[in-house]
Amino acid sequence: MTTVIKNGTVVTADLTYKADVKVDGGKIIEIGPDLSGDEILDASGCYVMPGGIDPHTHLEMPFMGTYSSDDFESGTQAALAGGTTMTVDFCLPDPGQGLVDAIKRWDNKSGLAACDYSFHMAITWWGEQVFNDMETVVKDHGITTFKHFMAYKGALMVNDDEMFASFQRCAELGALPLVHAENGDVVADLQAKLLAEGNNGPEAHAYSRPPAVEGEATNRAIMIADMAGVPLYVVHVSCEESHEAIRRAKMQGKRVWGEPLIQHLTLDESEYFDKDWDHAARRVMSPPFRNKQHQDSLWAGLASGTLSCVATDHCAFTTDQKRYGVGDFTKIPNGTGGLEDRLPMLWTYGVSTGRITPNEFVAVTSTNIAKILNCYPQKGAILVGADADLVVLDPEKSKTITAASQVSAIDYNVFEGKEVKGLPRFVLTRGKVAVMDGELKAEPGHGKFVKREPVNPVNKALSTWKELTAPRKVERTGIPASGV
Ligand SMILES: NC(=O)NCCC(=O)O
Ligand SMILES: [Zn+2]
Ligand SMILES: [Zn+2]
C-alpha cells in the first residue's frame, strides 16, 4: 500500500521546497508534484521533515541503585509522540562483564521498541577481553560508537590510560569515541566537602559540578583523541568552557563534535534554588543546568555550527526514585526526561525566536547525527530510497506541556507549563503512521535495530593524515661510535 504526504513543504538540512512525498514498503519511493497513492495524508500548512534522531537516551538503565523508569516501550512511544523516529541508547557492561554479553541484555530490553533504534557501547572497564570484544561489537553487531564516562568515580568512570587505550582501538576499528566530559576526581572531592559542610540539598549537586570541571575534561578528551588519531563526540555539552574547547579544536582542524541537550538550552540553574526539594531534585542531572551566559553560548554554537546535534540524554526517574537522595544529594539518581519535548521545545525556543532556521533545525535534530553515526541517508534524509521516517510538523499547532498529558512513564515533566508551538500532525516510522492527526498510534515491537558500518570518511581522512605526518626515524649514515 502506498501513502502520499500531500500539499506540504519539504524541509531538509539544506533545502526548502513544495513537494508531495510518496512512501511504500517503509521507504520513500517518489518526491514531486501531484503524486497519488492509496492513503493520503494532508500536510497543508505543514513542514515535511526527516524524523528526529535522538542520539542520547538511557531507557531502563541500571544506574545509582535503580533503573530509569522509561523503558524501550514507553520511551520510544514518547519519542514518536514528539516527532522523533530513532533513538540511540547506551549499552552498559557491568564491571568485568564482556561487551557482547552486555549487548544481549540490551537486545532483550529493546523488543518492544516502537521506533527504530541503535546502540552505543560504553567502555566501563579495560582489559584484554574489552579490547577483543570491541572488534566483534563493531564488525558483527554494527555498533561503531564507544562511550567513555570521565565522571561517576567508583562506578562508570574510566581513567586517562584506559581512555587512551580505548581511543586507539577505536582508531584501528574505524569507530568513534564519545565522552561524558567532567573531571570525576574533582567532582568526588567537591561532593565530599559539600556534604561535610552540611550542604546536602539538590542545589549542592550543581555546586559540585562547576563549568570548569567540564571544560578541563573536554580539553583532556580532545587531546587524547588527537594523540590517538581519532575523531571525538562530546555528549551533553552544557557550558561555554566545554564549547570553547570544541570550538578551538575545530579551528585547529580537529574532528570534534559537540552535543548540547534541549534541557541545557532552555532551563537554567535557578531550578535548583527552588524551595521545593522535589522540584529541584527532579532536575538533578549531570552536567547540571547552567546560567543564561552558558545558554547563549550553546545557542550560538548551534547557529554557527560549532555544536552539531541537540539530544535529550533521556534518563527518567520518578519522584520516589529521586527521593533516594533526601539528606544526601549524591544519592539522587542523575537524569531527566525530554524525548517527547525535544522537537517542540527546540522549534519554539529556537526557530520561532529566530535563533536557528528551519533547515538548521533539521540539521541539528536529525541529519548531522545521521552523518556522524554513519547511517545517512538511510536515516536523516528525504531522498528516494531513504527510510520513510518522517515528521509532518504543523507550525501553528500549540500545547502546554504537562506531566498529566505526556506519554513518558514518570510523574512530572521538567518542562511543565511551557507553551510550545510546532507539533507533529503526522509521524511515520519506516512508512507506518505512528501519529495520525496529532493522535499517537504507535505500535510497540515495530522498531528495528539500525546496524551501522565502521570507517566513515572522516575516520579515513584522519588516519590518512596521521599516517602521512607521523614521526619518522631519521636514517643516518656515518653514525659515530658510541662514547662508552
Ligand atoms: N546525565 C545524567 O545525569 N544521567 C544519565 C547518565 C549520563 O549520561 O551521565
Ligand atoms: Zn553523561
Ligand atoms: Zn547520558
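No hydrogens, no waters, no symmetry mates; every other heavy atom, side chains included, goes into these values. Note that the structure is predicted; figures quoted are calculated from it, not measured. Just follow the structure's listing: the first ligand is 1, and inside any ligand the first atom is 1.
Ring to ring, His294 and Phe289 are not that close: their centroids are 6.0 angstrom or more apart.
The Zn ion (ligand 2) has His180 ND1, His236 NE2 as protein N, O or S atoms under 2.8 Å away.
Ring geometry for Phe119 against Tyr117 counts as tilted: the plane angle lies between 30° and 60°, on a 0 to 90° scale. Between His120 and Phe90, the ring planes lie tilted relative to each other; the angle falls in the 30° to 60° range.
A salt bridge links Arg247 with Glu240; the closest basic N to acidic carboxylate O contact falls under 4.0 Å. Salt bridge Asp387/Lys448: absent, no basic N to carboxylate O contact under 4.0 Å. No salt bridge links Arg105 with Glu60; every basic N to acidic carboxylate O contact stays at or beyond 4.0 Å.
In this structure, Lys371 forms a cation-pi arrangement with Tyr376, its terminal cationic atom sitting closer than 6.0 Å to the ring centre and no more than 45° off the ring axis.
Among heteroatoms of the N, O or S kind in His56, NE2 lies nearest the Zn ion (ligand 3).
Across all their heavy atoms, Cys170 and Met134 have their closest contact at SG-CE, 3.8 Å.
With values rounded to the nearest 0.5 angstrom, Asp411 atom CG is found 13.0 Å from Phe317 atom CZ.
No side-chain donor-acceptor contact under 3.5 Å links Asn199 to the backbone of Ala204.
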For ligand 1, list every N/O pair with the protein closer than 3.5 Å, one pair per line with the distance.
| unit_1 | atom_1 | unit_2 | atom_2 | d |
| --- | --- | --- | --- | --- |
| ligand 1 | 1 (N) | Ser286 | O | 2.9 |
| ligand 1 | 1 (N) | Asp313 | OD2 | 2.6 |
| ligand 1 | 3 (O) | Ser286 | N | 2.8 |
| ligand 1 | 3 (O) | Gly335 | N | 3.4 |
| ligand 1 | 4 (N) | Asn334 | O | 3.0 |
| ligand 1 | 8 (O) | His58 | NE2 | 3.2 |
| ligand 1 | 8 (O) | Asp313 | OD1 | 3.3 |
| ligand 1 | 8 (O) | Asp313 | OD2 | 3.4 |
| ligand 1 | 9 (O) | Tyr152 | OH | 2.6 |
| ligand 1 | 9 (O) | His180 | ND1 | 3.0 |

